[in-house]
Amino acid sequence: MLVFGWGLFWMFLSLTKSGWSVEVSDKNEVIWLQNTNDAPTGSAAVLWCSGPALSECTAYDEIPVTDGDTIDVMKLNSDFRLCCEKGHECGLCLVIDATLHISPDKDQESGGQSGADEEYPNEENDKESFRLCYKDSASIGTCKKVEFNLNTKGLNPGNQTEISMVISHNGGFPFSLQLDVAANGFSQAVTAPSLQEVCSQKKLQKYLPSCQGPTITHVINHTMNWMELLVEGESEDLPSLCVQYEKEGICQRMKETTIPLQSLAPCMCFQAWFEEERESMRTLYCPFSDEDFPRELQENMHQNLTVDVHLRQVKDQQTMLFWNLSAPCRLKGEVRLCSESTCLKSKTDTEQLSVKNWEQTQMHQWKIEGMFPNVEGTWNTFYCIQIQIEGKWQQLDPICTNKSGRWRWSLLVVGSMLLICLTAFMIYFFHDFIKKWVQSYHRGKFVPIALQPKKGHVVLVSPPKVDDGVSESVRHLGSLLCQQGFSVSVDHWSRTEQGTLGPLPWLHSQMLKVESMGGRCVLILTQETKERTQDWSLSNIDGNGPDQPRCPYSDLFYATLFLIQKHKQQNMASERFTLVALESNLTQDKDRNLPELLCKLPLFHYPTQTGALLADLTSQRRKSVRTWTWPK
């Protein structure tokens, strides 16, 4: 906190050489600085003398040096104060009180040269001086040369006097700054208060806009099963939020302003602040307490408690009962040891739940552990613990260890269920394999049977421009083929891959899969397919491309037509290419009027001829391994 114990009894002093005046408010809250001579902004040193022995105090910036002082500094008293200048935002300034020692020689020199002083009152060599420096860990430091006239008649007993100095930066010193102040071999470490410490003093909040943090309220919405935080503030930026369990807990950043009701706890608190270049005040908001936590949410506390109890043998064959408790909030109460028959009757050993013994885990839960040593009995004994919580949570149900016999039976049941499930999955996935194996057995001999691969690879090619109806039908057809065991690639599903490889290399890679796995390249037949094929065939006679405006995806479509043409010249087009007419787009009468390039290719209507299409695609088997090359 800021400490206002300074002996600054000058309520208003004007210093013409420095261009600044100082005024301390009546309530001793802040120091008011006033620029009287239009002094440059930035770092300003405002000086005044606190006794009759000094006059005409001035300060100059100097580089750090180790000599040149004419006055000894006996004591430093440094601290930070809140300084304000009209028209500017208030900030921290450094206030330094120094106790100076005047040697007897100075007294004699002053008395012997009094006549000279009257003749040359402005002689700079007659002034006394010392250097004052301050620095933080990230800078080389700043030094001020303090000069003044000395009047030895006003010295205190012991030839001592005092001088006070206010150092103010433009915008103020940073909060929580650590400085080392040194003068004439004497040094002192001083730490600036944090913004929270300054803003905690209500009388200073009005001077710092940063103290006006955002306001937080909440609304519980039972319909949506959540609590919503309402955050308001003067800043245009959205405030940042974090949630913590207990005021001493870790505050975790929040991305949403809604919290599920099952996650609420009475110790839950929220912090809100504005992300700005300068530090801003954080608002702490704790909506609940143990007394006013909603009754309908109290059951959440029981559900969010986790208790683990287990027996363990340690040295000398002693049996110990270990327990640990996890909860969103730290709880007070006791844990008592009991057996299955005595939990509700009488208590035996107890352990206290103390707030200071809780630790917060990485999952932001609070955890406490304990044990009951020298537990009597065998491993088959049914031990329990019962937790008694102070406040409205009262007594929880007993938590007991499991009998070893019960654990063995449970393990046997779980293992049997896993074996049954694994067998069912094996039968489901290897049904065809088992069927062929049984058939070979009935024939009187066993033959090697390989697992069935994919039925083949199907490439679906549509015209460059498709409407929503065509796109939806192609999607249904592709999904159906995938369900039937085919490997399927759809041209307008693979735009990203085409953009990376290029449309022609992509088509080449797909035809390699068709050649190696078996399958077909299926051309979706629409009215646009017929028109573009006819235009391509006519323009290809002259050696020119189509005259129609090109679509970004035309290259893939025309490359498919080029492959069909080359395969027809080799009488192989019907083995690699199939037409599928979408009944939602074409009628059977229109299908008969096909361009010459597409004639004699297998044609199926979807969805009425789905079975025939699947049978045709399935019948395509690779007869021999051949290398696919792009037709020239």
Side-chain angles (χ1 to χ4, degrees), residues 1-8 13 15 18-25 28-35 39-48 57 59-64 73 76-98 131-146 163-183 186-201 203-213 273-274 276-282:
M1 288 188 174
L2 296 178
V3 179
F4 303 115
W6 298 94
L8 308 180
L13 288 174
L15 304 173
S18 65
W20 293 88
S21 65
V22 178
E23 180 182 357
V24 182
S25 63
N28 205 24
E29 296 172 352
V30 299
I31 297 176
W32 289 96
L33 303 178
Q34 183 176 1
N35 194 339
T41 58
S43 176
V46 182
L47 287 155
W48 67 92
C57 300
Y60 307 95
D61 289 335
E62 277 203 351
I63 60 174
V73 177
L76 285 177
N77 191 10
S78 308
D79 207 345
F80 288 90
R81 291 283 299 274
L82 192 62
C83 294
C84 300
E85 181 185 353
K86 293 184 179 179
H88 297 80
E89 185 176 342
C90 298
L92 295 180
C93 57
L94 180 62
V95 181
I96 302 173
D97 283 352
R131 286 171 177 83
L132 182 72
C133 300
Y134 58 94
K135 68 180 294 295
D136 58 10
S137 58
S139 66
I140 61 174
T142 302
C143 289
K144 302 286 185 181
K145 182 179 181 181
V146 183
I163 185 172
S164 298
M165 180 166 56
V166 175
I167 300 177
S168 174
H169 280 280
N170 185 24
F173 285 91
F175 293 96
S176 303
L177 177 68
Q178 294 182 350
L179 286 180
D180 289 327
V181 182
F186 191 91
S187 63
Q188 181 190 22
V190 59
T191 302
S194 65
L195 178 65
Q196 284 72 21
E197 290 176 327
V198 177
C199 294
S200 64
Q201 304 180 57
K203 59 185 178 182
L204 298 181
Q205 294 178 358
K206 59 183 178 181
Y207 298 107
L208 288 175
S210 299
C211 291
Q212 307 303 321
W273 70 96
F274 294 109
E276 300 174 349
E277 294 182 0
R278 300 189 62 183
E279 186 180 1
S280 63
M281 183 64 179
R282 291 195 176 203

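For the numbers below, each heavy atom of this structure counts, side chains included, while hydrogens, waters and symmetry mates do not.
For the pairing with Asp61, the salt bridge (charged side-chain N to carboxylate O under 4.0 Å, His left out) check across Lys144, Arg131, Lys145 returns one residue only, Lys144.
The side chain to side chain contact (heavy atoms under 4.5 Å, CB included) test applied to Ala192 returns Phe80, Leu92, Leu177, not counting sequence neighbours. Residues satisfying the side-chain hydrogen bond (donor to acceptor under 3.5 Å, both in side chains) criterion with Asp136, sequence neighbours excluded, are Ser139. Every residue was checked against the side-chain hydrogen bond (donor to acceptor under 3.5 Å, both in side chains) condition with Gln178, not counting sequence neighbours, and none meets it. Every side chain to side chain contact (heavy atoms under 4.5 Å, CB included) that Cys199 has, sequence neighbours left out, goes to Leu195, Cys211, Met281. Applying the side-chain hydrogen bond (donor to acceptor under 3.5 Å, both in side chains) criterion to Ser137, with sequence neighbours excluded, gives no partner residue.
Of the inter-residue distances, the one linking Leu204 atom CG with Glu197 atom CD reads 12.0 Å to the nearest 0.5 angstrom. We find the CZ-OG distance between Arg81 and Ser168 to be 12.5 Å, quoted to the nearest 0.5 Å.
Taking every heavy atom of both residues into account, Cys57 and Ile163 meet most closely at SG-CD1, 4.2 Å. In plain terms, the two heavy atoms of Leu94 and Phe173 that are nearest each other are N-CE1, 3.7 Å.
Here the two cysteines Cys90 and Cys83 have their SG atoms 2.5 angstrom or farther apart.
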In sequence, state the C-alpha distance, the side-chain angles, and the governing distance for Leu76 and Leu132, and then conclude on side-chain contact (heavy atoms from CB on, under 4.5 Å).
CA-CA 10 Å; Leu76 285 177; Leu132 182 72; 4.1 Å; yes
